[in-house]
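In what follows, every chain begins at residue 1, and chains take the letters A, B, ... in the order their sequences are listed. Values below: every heavy atom of this structure, side chains too, minus hydrogens, waters and symmetry copies.
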Amino acid sequence: MSTTMKIENLQAKIGDKQILKGLNLELEPGKVHAIMGPNGAGKSTLSKAIVGHYDIEILGGDITYKGKSILEMEAEERALEGVFLSFQHPVEIPGVNNAYFLRTALNAKLKHEGKDELNAAEFLREMKKHLEMLGMKSDMISRSLNEGFSGGEKKRNEILQMLILEPEVIILDEIDSGLDIDALRAVSEGINKMKDGKRTFLVITHYSRILDYIEPDYIHVLKDGKVIKTAGPELVPYLEEHGYDGIEED
Amino acid sequence: MNLSNLKNADAKEVAKLLNSSGREAFVQRFATLGLPHKKTEEYHYFDVDKILNKEYKTLEYVPKTIAEGDKVKIVDGIVVTAPQGLRINYETCKQLDIMHFDPLYFVGHLLSHRIIKIEIDGDTDIEIEHHFTKSDTLIHYRIVLSTQANRHATVHESFVSKDISNTLVLYGYDIHVAQDSTLRLVKLQTMKDAQYSMVASHKINVARNAHMMLKSFDFGGDQALQLLKVELAEHAHIDAGHLLYLNEDSKRGTVSQIIHQGEYSTSKQEAKNILDGQARGIFDALIRVEHSAKFTKAEQNAKSILLHEKAYMVSKPQLEIYIDELEASHGATTGQLDEKQLFYLQSRGISHLEARKILVIAFANTLIEQVKDTRAQERIKTAFEEVFYASNTNEG
Ligand SMILES: Nc1ncnc2c1ncn2[C@@H]1O[C@H](COP(=O)(O)OP(=O)(O)OP(=O)(O)O)[C@@H](O)[C@H]1O
Ligand SMILES: [Mg+2]
């Protein structure tokens, strides 16, 4: 089995509290991994640890991506290398124009890859098709980044960033929370569009609904800072019915 | 000349030192106020002793024939070019504000026997470019600027200096915004390399129903202080905005008094300060509402971001109110860049430096974008970026 990202015995704390307690997880290229688990289990903490969030202090273990440890890499380097997190709670940044932000991010990536950067007009042309697919009004990108966006609009804007940046490891932290039915469909369509047999997805969710759309290959159950079970999609209906209490550790 | 000789001087000595016979009242007022020093309230946070206590060369101010040019170019206190049709004269100053709070306002006037009088008599945009070309010199001049009733004018002000050092510039405007007219004054000043220090001391009279918009953009290092005294007649309005972006060990800022004299006058003053390095920013701003100024509105706000632990902001918004038929608000906050916002940008592959720049610009933009002229706006943004990159390139 080949691996895109490998998380080994990861232990991490936030403040004084240890949240990840020896977590192991392997992400395979081209596969969709879903993570489910109770509130407070450490799902968001794991996703933040992968992208190098300042809140998280790594106590032990390792995260390797394409065979190299990324723990020492800055957040922006990880992003440039193709790791992307759609945040559970995207932050609002008043005064920063969304289109300008998106273009700056894309150009940082193009530059990193030694490609030509896009000017504002070229960028807007690129943008159009994504906006249409996500059902986003064009004024969404002329506004300040996430400022005053509804919950669903923020999530769509995260997916828009994913579509633009074309990352290789895509972590979606509760992308489906708070979405109406149309938004869920649009967002899932965006995600499916990125599936190319090479990109890897880590989808954190509480609901089976999004999994119906994006068809995961693996379900991992994260509980009390560890992955306690890995199975196929057949685990979802079981969890829906019995909850997390009855899950036996692998 | 060494201005520190004026310290503790009586009126007679002042008149002699400044060679200003025939202006006894002004001399007397200055002698009463005394030369500013460390303990003078308005100059308390500004290293005024350092710039006054120095031997400076002085210049002869001989007016030249003014050539036609696209802007008003003032070189070392002498007007060199001006756009066609703009009325500029040298005169003795008659409309000095004898009650101005700033001692250096009087020094500037007493030293400058003739003022540069600019009468803006149409709906125009003019540029005033100040050039300083002499080292170790005290450059002083005063400008009287007036609009005509019902006219709307814009003045863009900028500063140019090259290869000089240790000069002190004392200058300032006496501005008369005529009834029912508008004057927008946009000042952009980037300073670096200790070429010159500056004390700019202004007096602005806003007549009945007139509007003054004053936007100052002060970037970079060195020492400069702008002192403003604004008087508002009935239904007069001032909209003042000050953006400071300072680095190194710069000490710069604004000391102002906005005085509501007439009924229904309104004022809005907003300061945004971004301090890097060991810079010290100053915003010491008083709004005073006099008995005569019922039904006024006054709004004052200062926000500061410290980019470095050694940076320091002196933020003193103050309201002094003698009546209760008014609406007034003021506040000041100081903080750092938002960590969450920085991280969000970095998590999209934007470098730490670029992310800082984006957030700092976002903070500054609300003020920069109040300058409606897009060319001027671009110029300010570019000037800002140059200074920002100059002091931030070494960082990861
Ligand atoms: N900044 C923080 N300071 C202190 N504790 C934190 C912080 N962030 C998270 N925690 C704690 O860490 C634990 C794990 O949080 P995390 O957000 O990873 O849970 P989660 O599995 O994503 O839960 P949910 O399903 O509710 O999103 C929780 O107990 C939470 O309170
Ligand atoms: Mg979570």
Side-chain angles (χ1 to χ4, degrees), chain A residues 47-56 73-98 100-113 117 144-147 154 157-158 160-162 164-171 173, chain B residues 215 217 241 243-245 270-274 301-305 307 333 335-371 374 377-378 380-382 384-385 388-389 392-396:
Chain A
S47 67
K48 285 178 177 173
I50 297 173
V51 297
H53 193 278
Y54 56 86
D55 261 354
I56 282 132
M73 285 165 68
E74 297 292 332
E76 63 260 37
E77 293 174 69
R78 300 187 200 196
L80 291 172
E81 290 299 325
V83 180
F84 177 89
L85 168 62
S86 158
F87 289 90
Q88 183 173 358
H89 304 290
V91 58
E92 301 195 2
I93 313 191
V96 175
N97 173 272
N98 195 16
Y100 176 79
F101 156 71
L102 295 166
R103 183 159 66 90
T104 305
L106 174 58
N107 281 341
K109 182 186 138 132
L110 292 172
K111 191 172 164 200
H112 179 75
E113 292 169 352
E117 298 179 22
S144 279
L145 175 51
N146 291 329
E147 191 189 21
K154 283 182 184 156
N157 204 46
E158 294 290 291
L160 178 63
Q161 292 166 50
M162 174 196 76
I164 293 167
L165 296 174
E166 304 182 329
E168 289 169 49
V169 172
I170 296 165
I171 307 161
D173 191 357
Chain B
K215 302 285 149 161
F217 298 92
L243 179 62
L244 272 186
Y245 174 65
E270 188 182 6
K272 290 207 165 184
N273 312 294
I274 304 153
N301 191 290
K303 286 202 178 95
S304 312
I305 288 184
L307 296 178
T333 59
Q336 267 108 44
L337 287 179
D338 186 312
E339 232 179 349
K340 270 191 180 156
Q341 297 181 341
L342 268 176
F343 183 78
Y344 189 78
L345 299 176
Q346 286 172 258
S347 78
R348 300 309 184 229
I350 297 170
S351 71
H352 183 66
L353 174 62
E354 186 71 17
R356 266 165 70 108
K357 192 198 98 180
I358 289 174
L359 294 183
V360 166
I361 288 190
F363 176 77
N365 258 351
T366 47
L367 265 180
I368 297 177
E369 283 167 6
Q370 286 174 17
V371 176
T374 48
Q377 210 186 85
E378 276 312 305
I380 296 165
K381 285 186 179 171
T382 308
F384 174 87
E385 286 182 21
F388 184 85
Y389 281 124
N392 282 280
T393 40
N394 296 328
E395 205 206 337

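Of the two parts of A:Asn146, only the side chain, counted from C-beta on, holds a non-hydrogen atom closer than 4.5 Å to a non-hydrogen atom of chain B. Residue contact with chain B, scored on non-hydrogen atoms closer than 4.5 Å, is absent for A:Glu81. If you measure heavy-atom distances from A:Pro167 to chain B, you find no contacts under 4.5 Å at all. Neither the backbone nor the side chain of A:His112 comes within contact range of chain B; no heavy atom of the residue lies under 4.5 Å from a heavy atom of that chain. In this structure, no portion of A:Leu106 lies under 4.5 Å from any heavy atom of chain B. Neither the backbone nor the side chain of B:Glu369 comes within less than 4.5 Å of any heavy atom in chain A. With a threshold of 4.5 angstrom between heavy atoms, A:Ile93 approaches chain B through its backbone and through its side chain.
Here the closest non-hydrogen pair linking A:Pro94 and B:Gln341 is CD-NE2, 3.8 Å. The minimum heavy-atom distance linking B:Ser347 with A:Ala79 is given by the pair O-CB, 3.3 Å. The minimum heavy-atom distance between A:Gly52 and B:Phe343, with the atom names listed, is O-CE1, 3.3 Å.
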Assess the residue pair B:Ile358 and A:Phe101 against the criterion (side-chain contact (heavy atoms from CB on, under 4.5 Å)); give the C-alpha distance rounded to whole Å, side-chain angles, the decisive distance to 0.1 Å, and a yes or no.
CA-CA 9 Å; B:Ile358 289 174; A:Phe101 156 71; 5.8 Å; no
Candidate pair A:Glu74 and B:His352, rule side-chain contact (heavy atoms from CB on, under 4.5 Å), full reasoning
CA-CA 9 Å; A:Glu74 297 292 332; B:His352 183 66; over 6 Å; no
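Within a 6.0 Å radius of NZ in B:Lys303, no more than 12 heavy atoms belonging to other residues, nucleotides or ligands are found.
Under a 4.0 Å N-O distance rule, the pair A:Glu92/B:Lys340 does not qualify as a salt bridge.
Here the CG atom belonging to B:Leu342 is positioned 10.0 Å from the CD atom belonging to A:Glu76, to the nearest 0.5 angstrom. Remark: B:Lys357 NZ to A:Thr104 OG1 distance equals 7.5 Å, nearest 0.5 Å. Rounded to the nearest 0.5 angstrom, A:Leu80 CG and B:Arg348 CZ are separated by 12.0 Å.
Residues of residues 360-368 of chain B having a heavy atom under 4.5 Å from any heavy atom of chain A, listed by number: B:Ala362, B:Asn365.
When each of A:Val91, A:Leu165, A:Leu102, A:Val83 is scored by its heavy-atom pairs under 4.5 Å with chain B, the top score falls to A:Val91.
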